[in-house]
Amino acid sequence: METMDIPAGRPATEEQARAIQDELRTRTILGEPGPPPGTGHVTGVDVAYDDERDVVAAAAVVLDAATLEVVAERTAVGRISFPYVPGLLAFREIPTVLAALDALPCPPGLVVCDGYGLAHPRRFGLASHLGVLTGLPTIGVAKNPFTFSYDDPGPRRGAWTPLLAGDEEVGRALRTRAAVKPVFVSVGHRVSLDNACAHTLALTPAYRLPETTRRADALCRRALREATTRQGG
DNA sequence: GCGACAG
DNA sequence: ATCTTGTCGC
């Protein structure tokens, strides 16, 4: 992956973190469609924590978008740099995620985040933040609606409804499995909402959550277990 | 002021 | 996110 040219700056306070979000938000690109689903690479990133031991492990798993087979995977381990604060998740996850992405031996293509992008109190969630820092196309696929509202989509796979912040559409509740709770898709950087949903459906041939997320989740948990297991556990 | 609140 | 046993079902 290429080097980032934007100062990330680890905030010391929540106030500083919000100020960084407000500044970086102006660099978000929302006018591009993004890569077509089913082509190139699609990469899942996820993070696992051991707060007790102050250890965090991130994973990046690159899939072939056409076959969903694993092309490459890397992990990174570090210390926890920020507490979990709703709306400031990126500051907790991104340092280690960047390290895992940087270690990849091939271009990540589209990056799928476990969380939100535009659907965020200041319209700058984890996926937006990661996209701006790396320049890569990113989307967010979350398991919960956070503070946003939505009407339940129809029962068919592919059905969706707007995810709303008041009257503003910040994402979609998308049904990826028939009659199963929807996922919550929002754009990060350089991808349209239509395309983000198409990618999400392409990544969910068998389960509610994208294969990228499932692979990255399993891998970062394993990395965390191995990191803590050979220390003091 | 109180509760809710991505992971 | 993480703490945690069994259990229903394909």
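The sequence lines fix the lettering, A, B, ..., with proteins before strands; numbering per chain opens at 1.
Using a 4.0 Å cut-off, no side-chain N or O of A:K143 falls inside it from OP1 or OP2 of B:dA6. OP1 or OP2 of C:dA1 has at least one side-chain nitrogen or oxygen of A:R221 nearer than 4.0 Å. For B:dG7, the OP1/OP2 oxygens have no side-chain nitrogen or oxygen of A:Y49 closer than 4.0 Å. Checking the phosphate oxygens (OP1, OP2) of B:dC5, no side-chain nitrogen or oxygen of A:N144 falls inside 4.0 Å.
Atom C1' of nucleotide C:dA1 and atom CZ of A:F82 are separated by 16 Å, given to the nearest angstrom. Distance A:I94 CD1 to B:dG7 P: 15 Å, rounded to the nearest Å. Residue A:R92 contributes atom CZ, which lies 13 Å from atom P of B:dG7 at whole-angstrom precision. Residue A:R53 contributes atom CZ, which lies 13 Å from atom P of C:dT2 at whole-angstrom precision. One can place CG of A:L209 at 14 Å from C1' of C:dA1, the figure rounded to the nearest angstrom. Atom CZ of A:R122 is separated from atom C1' of B:dA6 by 13 Å (rounded to the nearest Å). The distance between atom CG of A:D217 and atom P of C:dT2, rounded to the nearest whole Å, is 8 Å. Straight-line distance from the OH atom of A:Y116 to the P atom of B:dA6: 8 Å, rounded to whole Å.
With a 6.0 Å cutoff to the six-membered ring centre and a 45° limit on the axis angle, A:R172 does not count as a cation-pi contact of A:F184.
Comparing atom distances between the A:L126 side chain and each of B:dA6, B:dG7, C:dT2 picks out B:dA6 as nearest. Closest to the A:D114 side chain, of the nucleotides B:dG7, B:dC5, C:dT2, is B:dG7.
Note on A:L88: a base of the nucleic acid sits closer than 4.0 angstrom, heavy atoms only. Within the 4.0 angstrom heavy-atom criterion, only backbone atoms of the sugar-phosphate kind lie near A:D46; the bases stay farther away. A:G140 comes within contact range of no nucleotide atom at all, as no heavy-atom separation falls under 4.0 Å. Here A:A119 lies out of heavy-atom contact (under 4.0 Å) with every strand.
Residue-environment remark: CZ (A:R190) exceeds the threshold of 12 foreign heavy atoms within 6.0 Å.
The pair A:D152-A:R175 counts as a salt bridge, with a side-chain nitrogen and a carboxylate oxygen less than 4.0 angstrom apart. One finds no salt bridge joining A:D22 and A:R18 here, because no Lys/Arg side-chain nitrogen approaches an Asp/Glu carboxylate oxygen to under 4.0 Å.
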Give the intermediate values and the outcome of side chain to side chain donor-acceptor pair (under 3.5 Å) for residues A:E93 and A:Y49. CA-CA 10 Å; A:E93 305 229 324; A:Y49 301 91; 3.0 Å; yes
